[in-house]
Amino acid sequence: MAFRSIKGTKDVLPADTHRWQHIESVVRSVFQRFNYKEIRTPLFEQTALFSRSIGELTDIVGKEMYTFEDRSGDRITLRPEGTASVIRAFIQNNLAEQLPLTKVYYIGPMFRQERPQAGRLRQFHQFGAEAIGSPCAEVDAEVIAMAIEVYRTLGLRQYSLKINSVGCEKCRPLYKVKLQEELRKIAPQLSADSQRRIDENPMRVLDSKDEQDQKLTADMPLINQFLCEECSLHFSDVQRMLESFGITYTVNGRLVRGLDYYTKTAFELTSTELGSQDALAGGGRYDLLAKELGGKQTPGVGFAAGIERLLMVLEKTGYPFADSDHPQVFIAAADDPARAWTIAETMRLRGAGIAAETDLLRRSLKAQMREADRQRALHVLVVGERELVEGKAALKSMQDGTSRMIPLDAIALALTDTST
RNA sequence: GUGGCCAUAGUUCAGUUGGUUAGAACGCCAGGUUGUGGCCCUGGAGGUCGUGGGUUCAAGUCCCACUGGCCACCCCA
């Protein structure tokens with residue numbers, strides 16, 4: 001039995017890597033414009049880091065993490081998301097002491113053991129950003145705008161932005177009690193999941209996709225109406241700023257995210273082009289997280305976005321991905337005696353900074369030409385004994401088929417002339 | 001974790017009510033006279049029909065199990 005990749009993991013094959021690289025380069029350039037610096041944290045951490053930050057009762061911690069004991073008996077978990085690691089690194093390295101506001105981003109794999117389906121993998125990839133150190137609505141708005149700027153840069157229009165405020169440690173507890181009271185009245189009619197959540201996380205009940213639940217909770221009080229003055233002001237500031245950026249959004253009072261650390265702003269970007277896994281990106285503010293993880297109380301905001309889902313949308317909407325790179329020149333050997341020279345010359349050209357390729361299979365000239373064509377080489381230089389004696393050869397343009405004689409000791413020069 | 005659908009060449013698929021050497025397209029390889037690609041033509045390689053059982057004179061074709069894939073629930077990126 002041949003080996004297969006682990007269920008829910010995928011190879012990005014050589015024919016597709018340029019698409020990933022393109023997205024990554026767009027992400028990096030957008031983030032760079034917003035002055036966020038890359039941070040690279042380990043792919044695995046102590047299990048407790050995630051259970052404490054994301055929340056013991058969440059699905060992610062409760063049933064989706066890849067957790068194991070290493071050989072020394074430590075509890076290790078493959079990161080299911082990026083924020084916890086970033087905050088851990090922020091605290092551990094005392095970044096707060098260096099700058100009042102730390103703006104970082106990451107790109108990389110995350111791991112969650114869910115049942116794979118369209119747009120959902122066990123190892124998937126996210127890009128995300130965190131701004132740590134400011135309680136101001138400006139940062140919330142900037143982070144949201146930056147996420148949107150990535151999609152905008154890629155020409156994506158088929159998405160919608162939903163925002164909400166989930167309150168803070170002052171106002172949310174009051175709301176929770178009130179909501180639980182109301183939910184208990186109709187508890188028997190709710191779905192099993194929702195019944196369980198009344199105690200664990202009542203706000204998630206309102207976010208249930210069960211139609212019956214939706215109907216029953218239609219008139220439930222929303223967090224909106226219970227926000228304290230600070231949260232309420234903050235939320236309206238965020239909205240005002242988004243509007244000033246020209247960003248359209250809808251307020252969804254039922255929006256709750258699956259990670260418990262959010263306070264105040266929560267947002268989600270969904271695509272109309274995807275199946276049931278339609279979230280492109282999500283994020284929010286987490287003012288209590290740093291303290292929860294043992295650091296000083298430090299406000300923060302961030303978001304994470306799925307690369308596979310972005311790729312799916314771009315492919316579906318026919319995004320014009322550029323071709324992958326092709327050689328500037330293919331050096332073909334017209335006869336066997338010339339082969340020693342063609343391979344050596346190819347190496348020299350590469351050393352001179354030119355993308356050059358040659359035949360490594362000792363094939364016929366016809367086969368070499370086919371190969372050059374398949375590789376979309378810009379030029380082919382056919383060299384045999386005759387050319388070596390004469391010191392010049394025909395440089396053929398594969399686009400228009402024309403060729404011109406060039407001296408064999410100045411190939412690089414000839415190529416830089418023509419390629420401009 | 002629960003359900004539904006699917007499983008034939010590298011890829012996408014076709015294989016009639018179970019019946020002799022399992023097909024196509026694309027891709028790959030080689031040719032189409034003397035050292036030059038793309039188009040076209042010719043030829044070729046490539047499949048233990050996911051695996052294991054069973055029914056039958058006979059199974060890619062029917063039944064069962066397993067494995068894998070896809071999709072949905074759930075959850076989220």
Side-chain angles (χ1 to χ4, degrees), chain A residues 1-10 13 15 54 58-64 79-83 107-128 147 159 191-194 196-197 201 204 207-211 213 255-259 268-271 274-283 303-313 330-338 359 361 363-387 393-403:
Chain A
M1 211 34 166
F3 287 110
R4 309 189 95 264
S5 63
I6 302 289
K7 184 202 277 280
T9 68
K10 276 197 172 135
L13 298 173
I54 298 168
T58 59
D59 283 12
I60 293 178
V61 172
K63 46 192 194 191
E64 295 171 3
R79 67 178 185 194
E81 61 106 37
T83 304
I107 303 178
M110 304 296 164
F111 307 85
R112 290 171 11 193
Q113 188 168 182
E114 295 185 86
R115 189 83 168 256
Q117 71 180 76
R120 190 166 76 190
L121 293 168
R122 293 273 254 189
Q123 175 177 333
F124 60 102
H125 299 78
Q126 291 187 327
F127 57 88
Y159 59 80
S191 65
D193 276 334
S194 288
R196 182 170 47 76
R197 289 194 182 116
N201 191 347
R204 293 288 300 281
D207 204 21
S208 166
K209 280 169 199 151
D210 185 286
E211 275 186 42
D213 288 358
L255 176 69
V256 192
R257 317 242 49 254
L259 301 92
E268 205 169 85
L269 213 68
T270 55
S271 168
L274 292 175
S276 74
Q277 308 302 314
D278 64 352
L280 282 175
F303 81 95
I307 295 180
E308 283 87 352
R309 288 185 191 174
L310 173 54
L311 225 30
M312 284 171 79
V313 178
F330 188 102
I331 312 280
D335 46 44
D336 284 337
D359 175 51
L361 296 171
R363 285 174 287 191
S364 68
L365 181 59
K366 186 187 177 97
Q368 292 180 62
M369 291 302 294
R370 252 202 301 272
E371 188 60 35
D373 185 54
R374 176 167 34 219
Q375 298 289 336
R376 311 267 221 106
L378 266 41
H379 303 278
V380 172
L381 189 73
V382 179
V383 178
E385 274 186 296
R386 199 171 69 215
E387 285 78 4
L395 181 69
K396 177 172 183 172
S397 160
M398 293 298 273
Q399 273 111 77
D400 54 30
T402 61
S403 46

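The figures here come from the full heavy-atom set of this structure, side chains too, leaving out hydrogens, waters and symmetry mates. Chain naming here is simple, since letters A, B, ... match the order of the sequence lines and numbering starts at 1 in each.
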Exercise. Without swapping roles, check the side chain of A/E387 against the backbone of A/G384 for a donor-acceptor pair under 3.5 Å.
Key: yes
Practice problem: Please work out if A/E387 contacts a base, only the sugar-phosphate, or nothing of the nucleic acid, heavy-atom cut-off 4.0 Å. | Solution: base
Quiz prompt | Touch class at under 4.0 angstrom, heavy-atom based, for A/A377 against every strand present | solution = nothing
Quiz item: Could you go step by step and tell me if A/R120 and A/Q117 meet the side chain to side chain contact (heavy atoms under 4.5 Å, CB included) rule?
Solution: CA-CA 5 Å; A/R120 190 166 76 190; A/Q117 71 180 76; 3.4 Å; yes
Practice problem: Produce a footprint string for nucleotides 68-77 of chain B: one letter per nucleotide, 5' end first; B if the base is under 4.0 Å from any protein heavy atom, S if only the sugar-phosphate is, - if neither. | Solution: SSSSBBBBBB
Quiz item: For B/rU2, what is the paired nucleotide under Watson-Crick or G-U wobble rules, both distances under 3.5 Å?
Solution: B/rA72
Quiz item: Is it true that a side-chain atom of A/D335 and a backbone atom of A/E385 form a donor plus acceptor pair closer than 3.5 Å?
Solution: yes
Quiz item: What distance, rounded to whole Å, do you find between the two C1' atoms, one in B/rG35 and one in B/rC40?
Solution: 22 Å
Self-check item: Base-pairing assignment for B/rU33 (Watson-Crick or G-U wobble, both under 3.5 Å)
Solution: none
Practice problem: Answer yes or no: is there a donor N or O on one side and an acceptor on the other, between the side chain of A/R112 and the main chain of A/P80, under 3.5 Å? | Solution: yes
Quiz item: Between B/rG35 atom C1' and A/D336 atom CG, what is the distance in whole Å?
Solution: 12 Å
Exercise. Between B/rU48 and B/rA9, how far apart are the C1' atoms? Round to whole Å, please.
Key: 13 Å
Quiz prompt | Identity of whatever pairs with B/rG46 - Watson-Crick or G-U, under 3.5 angstrom | solution = none
Self-check item: Gap between atoms CZ and P, on A/R363 and B/rA30 respectively (whole Å)
Solution: 8 Å
Quiz item: Under 3.5 Å, is there a donor-acceptor pair between the side chain of A/R309 and the main chain of A/G119?
Solution: yes
Quiz item: In terms of heavy-atom contacts, does CZ of A/R196 have more than 12 from other residues, nucleotides or ligands at under 6.0 Å?
Solution: yes
Using nucleotides 38-44 of chain B, report all nitrogen or oxygen pairs with the protein that are shorter than 3.5 Å.
unit_1 : atom_1 : unit_2 : atom_2 : d
B/rG38 : O4'    : A/D373 : OD2    : 3.2

Quiz item: When rounded to the nearest Å, what value does the distance between C1' atoms of B/rG37 and B/rG31 take?
Solution: 16 Å
Quiz item: Backbone N or O of A/R363 within a donor-acceptor pair of the A/Q368 side chain at under 3.5 Å?
Solution: yes
Quiz item: Roughly how far apart, to the nearest Å, are B/rG43 and B/rA25 at atom P?
Solution: 11 Å
Practice problem: Identify the nucleotide, in any strand shown, that forms a Watson-Crick or G-U wobble pair with B/rC62, with both distances under 3.5 Å; if there is none, say none. | Solution: B/rG54
Quiz item: Expressed in whole Å, how much space separates the P atoms belonging to B/rA24 and B/rU67?
Solution: 36 Å
Practice problem: Once you apply the 3.5 Å cut-off to both distances, tell me the Watson-Crick or G-U wobble partner of B/rA25, or none. | Solution: B/rU11
Quiz item: Taking atom C1' in both B/rC74 and B/rG52, what distance in whole Å separates the two?
Solution: 33 Å
Practice problem: Could you say whether A/A394 or A/A367 is positioned toward the 5' end of RNA chain B, judged by the nucleotide with the nearest heavy atom to each? | Solution: A/A367
Quiz item: Just how far is it from atom CD of A/Q126 to atom CZ of A/R79, taken to the nearest 0.5 Å?
Solution: 8.5 Å
Quiz item: Where do A/H379 and A/S397 come nearest, in terms of heavy atoms and distance?
Solution: ND1-CA, 3.8 Å
Quiz prompt | Distance in angstrom units between A/D335 CG and B/rU36 C1', rounded | solution = 13 Å
Quiz item: Which value, in whole Å, describes the distance between the P atoms of nucleotides B/rC66 and B/rG4?
Solution: 13 Å
Self-check item: B/rG10 and B/rC28, which share atom name C1', separated by this distance in whole Å
Solution: 8 Å
Quiz prompt | Minimal non-hydrogen separation, A/G8 against A/P116, with atom names | solution = CA-CG, 3.8 Å
Practice problem: In whole angstrom, give the distance that lies between atom CD of A/E371 and atom C1' of B/rC29. | Solution: 12 Å
